[in-house]
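The analysis underlying the following values was restricted to heavy atoms, covering all of them including side chains, and did not include hydrogens, waters or symmetry mates. The sequence lines fix the lettering, A, B, ..., with proteins before strands; numbering per chain opens at 1.
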Number of protein chains: 2
Amino acid sequence: MNRYKRKEDCPLTFALTLIGSKWRLPIIWALWKNKTLRYNELKRHVDGITNMVLSQSLKEMENQGIVVRKQFLEIPPRVEYSLTEAGEALIPSLESLAKWGKAMQVKVKNHV
Amino acid sequence: MNRYKRKEDCPLTFALTLIGSKWRLPIIWALWKNKTLRYNELKRHVDGITNMVLSQSLKEMENQGIVVRKQFLEIPPRVEYSLTEAGEALIPSLESLAKWGKAMQVKVKNHV
DNA sequence: TGACTTAGTAAGAAATAACTGCATACTTGT
DNA sequence: ACAAGTATGCAGTTATTTCTTACTAAGTCA
């Protein structure tokens, strides 16, 4: 008895499609901590991410309204990324989730 | 400059490993709504899930301390699943995330 | 001229997650 | 006797994500 005909209609599932893949949280976190980062700076903050995945993710997050891209017409090129208001609105939820995650980590450690 | 040497140490990333895969939220949600469900009942509530994925997920979630399995020695077999306290502690975070997700859904609809 | 910088792109391979279909062993209802 | 319901599990395949290894443009600096 789901409230939603399609799973995609559930706001929670929808939220997870926005932040649930492997690199979304690290990207959001780096932007939150630094407010504004250039492409390669961001890449250095998100350790291990490839160009492919980073540029793809940024493009998607821009379309989804989580991230703003600001391009300067300079050479060498300069592009700055930051969170939108909607992106920042996500932070409290993430902090709440992180708190739960932390408690779970402790529990697992003590149990095993 | 991550605070954690390994990504797995981040409580947030850890939380997502617990709830981020395709069927975790639907399962948790069904158990939250109904408090206690037998295996096949649960399966009917989580529309489209396969036995493979459901039984696998339940086993993992039991190990992770999110779900309790209570087995009755009857014939035909009876097994009841419910959320642990830790599992229920997750609900407020999910509600907060869902609220954000809902706002994002509206935003996307209005924009496109 | 040739190396260096920045912000990406492209194509294919590899890794991971999920699905399909079937099997179990026992009991109740028709 | 036979179908249906109980709680799973396994093998094999497909689908989805992520990674690898290149490569680009335009200008600067030596």
Expressed in angstrom and rounded to an integer, what is the separation of A:E62 atom CD from C:dA7 atom C1'? 14 Å
What string of B, S and - do you get for nucleotides 12-21 of chain C, 5' to 3', if B is base contact, S is sugar-phosphate-only contact and - is no contact with any protein heavy atom under 4.0 Å? ------SBB-
Using modelled atom types and a 3.5 Å cut-off, is there a donor and acceptor pairing between side-chain atoms of A:W23 and backbone atoms of A:G48? no
Between P on D:dT8 and CG on B:L58, what's the gap in Å once rounded to a whole number? 8 Å
Does A:T84 reach the main-chain N or O of A:G65 with its side chain, forming a donor-acceptor pair under 3.5 Å? yes
I'd like to know if B:E95 and B:K102 make a salt bridge, using a cut-off of under 4.0 Å between side-chain N and carboxylate O. no
I'd like to check B:T50 versus B:L54 (side-chain heavy atoms, cut-off strictly below 4.5 Å). Are they in contact? no
A:E80 and A:R78 ion-paired at < 4.0 Å: yes
Same apolar cluster (I L V M F W Y, side chains within < 4.5 Å links), A:L58/A:V68: no
d(CZ, B:R78; P, D:dG5) in whole Å: 19 Å
Non-hydrogen side-chain atoms of A:L16 and A:T13 separated by less than 4.5 Å: no
side-chain hydrogen bond (donor to acceptor under 3.5 Å, both in side chains) partners for B:S93, two or more places apart: A:S96
Is any side-chain N or O of B:K59 closer than 4.0 Å to OP1 or OP2 of D:dT8? no
B:L37 CG to D:dA7 P, straight-line distance once rounded to whole Å: 11 Å
Indicate whether OP1 or OP2 belonging to D:dT8 is found under 4.0 Å from a side-chain N or O atom of B:Y81. yes
In whole angstrom, give the distance that lies between atom CG of A:L54 and atom P of D:dC19. 12 Å
Below 4.0 Å: OP1/OP2 of C:dA7 and any side-chain N or O of A:R38: yes
Pull out every residue in residues 66-77 of chain B that has a heavy atom closer than 4.0 Å to any atom of DNA chain C, ordered by number, or say none. B:I75
Please examine the side chains of A:V79 and A:R38, heavy atoms only from C-beta on, and report whether any two atoms are closer than 4.5 Å. no
CG of B:N40 versus C1' of D:dG9: gap in Å, rounded? 14 Å
Nearest whole angstrom, please: distance from the C1' of D:dC19 to the CD of A:Q56. 13 Å
Measure the distance from NZ on A:K43 to P on C:dT5 and round it to the nearest whole Å. 13 Å
